[in-house]
Novice: 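Below is one structure. I have some questions about it.
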There are 2 protein chains.
Amino acid sequence: MDIILSSIRQPVNDHVYLKDPESTELGRRIVNGSIDLIYELGFEAFTFRKLAELIGSTEASVYRYFESKHKLLLYLSSWYWSWMDYKVLFSITNITEAEDRLERALLALTEEVKLDTNFLHIDEVKLYQIVIAESSKAYLTRSVDEENRYGVFTAYKNLVARVSELVLAINPTFKYPHMLISTVIEGAHLQRFFASHLPRLTDTLQGEDAVCSFYREMVFSTIQVAQDHA
Amino acid sequence: MDIILSSIRQPVNDHVYLKDPESTELGRRIVNGSIDLIYELGFEAFTFRKLAELIGSTEASVYRYFESKHKLLLYLSSWYWSWMDYKVLFSITNITEAEDRLERALLALTEEVKLDTNFLHIDEVKLYQIVIAESSKAYLTRSVDEENRYGVFTAYKNLVARVSELVLAINPTFKYPHMLISTVIEGAHLQRFFASHLPRLTDTLQGEDAVCSFYREMVFSTIQVAQDHA
DNA sequence: CTACTTAAAATAGTAATACTATCGAAAAAC
DNA sequence: GTTTTTCGATAGTATTACTATTTTAAGTAG
C-alpha cells in the first residue's frame, strides 16, 4: 500500500503548505514531530516553538513550511483522508458483489486504527487519534469557505463520494448517500472519543467492536427499505 | 415553555461559572453579549476584552463570572442541551404511542431552530448556530475527563438518555440506543454545517428538510429490523 | 443615618502565543 | 565554482488570556 500511496503525487492540496514538507528531511521531521507532539499535548497546547525544540530546529524554520498551526492541522487531516481513501479503495479491489464492497468499505472506515501499517514515514495510529480529537477543528472555523475554494477539503469529499457510489450501487434511488456516509465517518470517530471520555453517550459491548457493528447495521437497514442483509 | 424552564433551578451545572450569571443584570448581559459576539466572530476570535467593550463593562468583571472563555462555552452548551431536553420533553408530553413519541422527539432534535421562542432572555436562534459550529470544541479538549467528573456534561447525557428510552420503548432489544441518538444529535448539527459550507458532504433536497427526513428514516429502519414504519 | 457587605469599574501588569523580519552560514544545484 | 536554496540564529511585535489591586457605587440591616 505504501508503494501506491507514495507513487501518487500530491496526496495533500498544496494550498495548505508554503513548502512541501515531503520534499526535505526537515519537512518530514516537522510533520512527524507535529504528530508526536499534538498526540501528546493536544492541538491547543501544541505550538511551533515546542515543535521546533523537539525536532532540534527553530520556530522560523517551521514557519517556512507551514503558515500557521491551523494549516498544519489541515495538512494532517488531508493526509489522513487521502490515506483512508486508499485504504477503502484497497479493501474493495477485486471484490465484485455490491453488498460485499460496501461492507468492506464501511469496515475500513469505522474500524479502529491500531496497527502501524507504517512502511510510510507517518505514524498512522497516532494520526488516527489526532483526527478523532482534533480534525473537526480543521473545518469548524471562519475560514472554511475560503479554504474550501482552494480545494483543501477535496480529499475528504473524494472519500465521501467514493463510498456514496457503493451505496448507490446497491440502491440507486437512495436519496441521502453523502449524508449517510459523512454521518458514518464523523460518527465513528466521535463514538470512539465518547467511549474513552463520555461513555454514557455511547454503547460498548463485550466481544464485538460495537462501532463497526452499529454502523454496518445502520447503513444496511437504512438503504435497504424492503430488503434483507445477512 | 419559558415558565417551566425558568422554574427549574440550575439548568446549568455550577462548576462552569464562578458566579451565576442569571443572578445579576451584568451576568445576563455577559451571556447575551457573548452569544451575539461568538455568533458574529466565531469562538476563536471572541475575547473577553471585546465582550466587555460590547456590553460596556470590563474584562476583569467578566472574569468574575467565568474563569475562562472555555468555561463560558461550556455554559452556553450546557444551557442549550437543557433547553433541548425540555423541547423534547414537551414535544412528547401527552403522546402515548411509542413510535409517535420517538418521531416527535427526533423532529425536535433535528429540526432547524429558526424562530425565537424567546420569552426567555436567550437568543436561541443564534445559540443554535453557535452550538452547530462550536459546541464540539467544548468537549474535544484535554480537560474533558476532569470536567466530566464535575458533571459538566450531565445535561447532554440526560438528553441522550431520554431519547434512548424512547428507542427502547419500541425495540427493547436494540443494542445501541445511545450510539444511535448521539449519532443523530451530532450528525444533524454537522449536516447543517456541511449544507452551508461543504455541500458535497451532504445532500439537500427541494421541498423537504433533508436532515429531518434522513435521520427519521435512518432511526426507524435501524431499530426495526423486521418491522415497517409509515 | 450609618455601618457593613457586595458588586463592579478602573487600572495595571504578566507570561505566553502566534507570528514577522533580517542576516549569515552551509549545503546543494547547476 | 558560483549561484541559489535552505536553514539556523536572533530579535521583535501585537494580541491573548489571564491576575491583582484599588476605588467607587449600590444595597441592606440595624
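First the proteins, then the strands, lettered A, B, ... as listed; each starts at 1.
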Novice: What nitrogen or oxygen pairs link the protein and nucleotides 24-27 of chain D at under 3.5 Å?
Specialist:
none

Novice: Who pairs with B:E53 by salt bridge (charged side-chain N to carboxylate O under 4.0 Å, His left out), at least two apart in sequence or on another chain?
Specialist: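 Partners of B:E53 by the salt bridge (charged side-chain N to carboxylate O under 4.0 Å, His left out) criterion come out as none, since no residue qualifies.
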
Novice: Listed by chain and number, what are the salt bridge (charged side-chain N to carboxylate O under 4.0 Å, His left out) partners of A:E165, not counting sequence neighbours?
Specialist: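 A:E165 satisfies salt bridge (charged side-chain N to carboxylate O under 4.0 Å, His left out) with no other residue.
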
Novice: If you count heavy atoms of other groups shown closer than 6.0 angstrom to OH of A:Y65, is the number above 12?
Specialist: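 It does: A:Y65 OH has more than 12 such atoms within range.
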
Novice: Which of residues 61-74 of chain B sit near DNA chain C, with a heavy atom under 4.0 Å from it?
Specialist: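 B:S61, B:R64, B:Y65 - these, ordered by number, are the residues of the stretch whose heavy atoms sit under 4.0 Å from the strand.
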
Novice: Heavy atoms within less than 4.0 Å of DNA chain C: which residues of residues 39-53 of chain A have one? Give them sorted by number.
Specialist: A:T47, A:R49, A:K50

Novice: Is any side-chain heavy atom of A:Q191 closer than 4.5 Å to a side-chain heavy atom of A:F194?
Specialist: yes

Novice: First and last nucleotide of DNA chain C in contact with chain B, 5' to 3', at under 4.0 Å to a heavy atom: what are they?
Specialist: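 That gives a stretch of C:dA7 to C:dT11.
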
Novice: I'd like to check the side chain to side chain contact (heavy atoms under 4.5 Å, CB included) partners of A:S196; sequence neighbours left out, ordered by chain and number.
Specialist: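 For A:S196 there are no side chain to side chain contact (heavy atoms under 4.5 Å, CB included) partners, ignoring immediate neighbours.
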
Novice: Can you sort out the partners of B:E186 under side-chain hydrogen bond (donor to acceptor under 3.5 Å, both in side chains), two or more places apart, ordered by chain and number?
Specialist: B:Y139, B:Y156

Novice: By ring pair (Phe, Tyr, Trp, His ring centres under 6.0 Å), which residues pair with A:Y128, not counting sequence neighbours?
Specialist: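 A:H189.
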
Novice: Checking B:K157 now: which residues fulfil salt bridge (charged side-chain N to carboxylate O under 4.0 Å, His left out) with it, not counting sequence neighbours?
Specialist: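 Here no residue qualifies.
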
Novice: Starting at CD1 of A:I30 and ending at C1' of D:dG8, how long is that distance when rounded to a whole Å?
Specialist: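 From A:I30 CD1 to D:dG8 C1': 12 Å.
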
Novice: Output yes when a side-chain donor or acceptor of A:K50 lies under 3.5 Å from a complementary backbone atom of A:L37, and no otherwise.
Specialist: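 No; judged by distance alone, with no hydrogens or angles, the pair does not exist.
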
Novice: Residues in ring pair (Phe, Tyr, Trp, His ring centres under 6.0 Å) with A:F66, at least two apart?
Specialist: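 Listed in chain order: A:Y75.
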
Novice: Without decimals, in angstroms, what is the distance between A:R28 CZ and D:dC7 P?
Specialist: 10 Å

Novice: Are B:R29 and B:D36 within salt-bridge range, i.e. N to O under 4.0 Å?
Specialist: no

Novice: With sequence neighbours excluded, tell me which residues meet side chain to side chain contact (heavy atoms under 4.5 Å, CB included) with A:R142.
Specialist: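 A:R142: side chain to side chain contact (heavy atoms under 4.5 Å, CB included) contacts with B:E134.
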
